[in-house]
Amino acid sequence: EAGVTQFPSHSVIEKGQTVTLRCDPISGHDNLYWYRRVMGKEIKFLLHFVKESKQDESGMPNNRFLAERTGGTYSTLKVQPAELEDSGVYFCASSPLGTSGRRSYEQYFGPGTRLTVT
Amino acid sequence: AQSVAQPEDQVNVAEGNPLTVKCTYSVSGNPYLFWYVQYPNRGLQFLLKYITGDNLVKGSYGFEAEFNKSQTSFHLKKPSALVSDSALYFCAVRAHSGNTPLVFGKGTRLSVIA
């Protein structure tokens with residue numbers, strides 16, 4: 001089966017511009033997560049979708065970040081306007097929702113999008 | 001609040017020698033523990049997990065990890081390191097319930113020298 005895919009792999013933009021990152025989860029995975037790693041730091045949680053609904057967006061740094069998952073399939077993460085501190089690698093992960101007794105515990109990660117804001 | 005500590009930024013080991021990458025955690029209740037690996041220009045790959053049961057967990061590529069509840073540790077080990085094991089390793093924890101997000105450590109870079 002195809003894994004989690006992310007586009008683009010690398011984006012370089014100027015401060016103040018807008019960038020949209022895309023994530024295609026593994027087919028059938030209802031859980032979709034966005035994470036970010038700033039250089040040398042921990043990978044930090046941004047938000048969690050269950051199907052098309054935002055389950056938890058407590059990790060979103062501010063209102064310049066907007067995530068959507070229309071139709072419960074792929075997701076986009078828009079940064080507008082971008083600031084220097086937004087640079088980092090943005091990871092998407094997905095997992096099945098699981099039914100009682102067969103919960104999938106691990107998350108499957110995409111290759112990440114490296115965002116550089118200059 | 002959950003947290004993960006990986007005390008070593010870098011671990012160097014000679015090929016053929018055993019390796020250990022350390023991880024300690026803090027979580028309320030019983031933890032779900034994970035190790036992921038990131039090879040250059042690749043995404044995070046799942047290595048192994050501890051959910052319940054035996055404290056020694058075996059995973060991909062010959063890696064294993066030992067859950068120690070009293071020391072709140074989940075160190076990653078391999079009996080004989082390969083040069084191809086050189087990568088960035090992340091330990092992560094999740095609270096016991098629900099499809100909650102992972103909390104990661106900052107990563108440990110493993111360098112295996114031929």
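Here is how names work: the chains are called A, B, and so on, in the same order as the sequence lines, proteins then strands, and each is numbered from 1.
A:Tyr108 has its ring centre no less than 6.0 Å from the ring centre of B:Phe46.
Within residues 33-45 of chain A, the residues having any heavy atom under 4.5 Å from a heavy atom of chain B are, by residue number, A:Tyr33, A:Tyr35, A:Arg37, A:Gly40, A:Lys41, A:Glu42, A:Ile43, A:Phe45. Heavy-atom proximity under 4.5 angstrom to chain B picks out A:Asp56 from residues 53-68 of chain A.
When the side chains of ILVMFWY residues are joined at heavy-atom separations under 4.5 Å, either directly or via intervening members, B:Leu82 and B:Leu48 end up in two distinct hydrophobic clusters. Transitive grouping of hydrophobic side chains (ILVMFWY, heavy atoms separated by less than 4.5 Å) keeps B:Phe104 and A:Leu47 in distinct clusters. A chain of hydrophobic side-chain contacts below 4.5 Å, direct or via other Ile, Leu, Val, Met, Phe, Trp or Tyr residues, connects B:Tyr39 to B:Val21. Under a hydrophobic-cluster definition in which Ile, Leu, Val, Met, Phe, Trp and Tyr are linked whenever side-chain heavy atoms come within less than 4.5 Å, directly or via other members, B:Tyr61 and B:Val57 are assigned to the same cluster. Both B:Leu47 and B:Leu110 are assigned to one and the same hydrophobic cluster, defined by single-linkage of ILVMFWY side chains at heavy-atom distances under 4.5 Å.
The most heavy-atom pairs under 4.5 Å with chain A, out of B:Val103, B:Leu44, B:Asp9, B:Val4, come from B:Leu44.
Every residue two or more places apart in sequence or in another chain was checked for a ring-ring contact (aromatic ring centres under 6.0 Å, His included) with B:Tyr25, and none qualifies. Legend: residues meeting ring-ring contact (aromatic ring centres under 6.0 Å, His included) with B:Phe67, ordered by chain and number and at least two apart, are B:Tyr50.
Only the side chain of B:Gln38 has a heavy atom closer than 4.5 Å to any heavy atom of chain A.
Between A:Glu106 and B:Phe34, the closest side-chain pair of non-hydrogen atoms falls below 4.5 Å.
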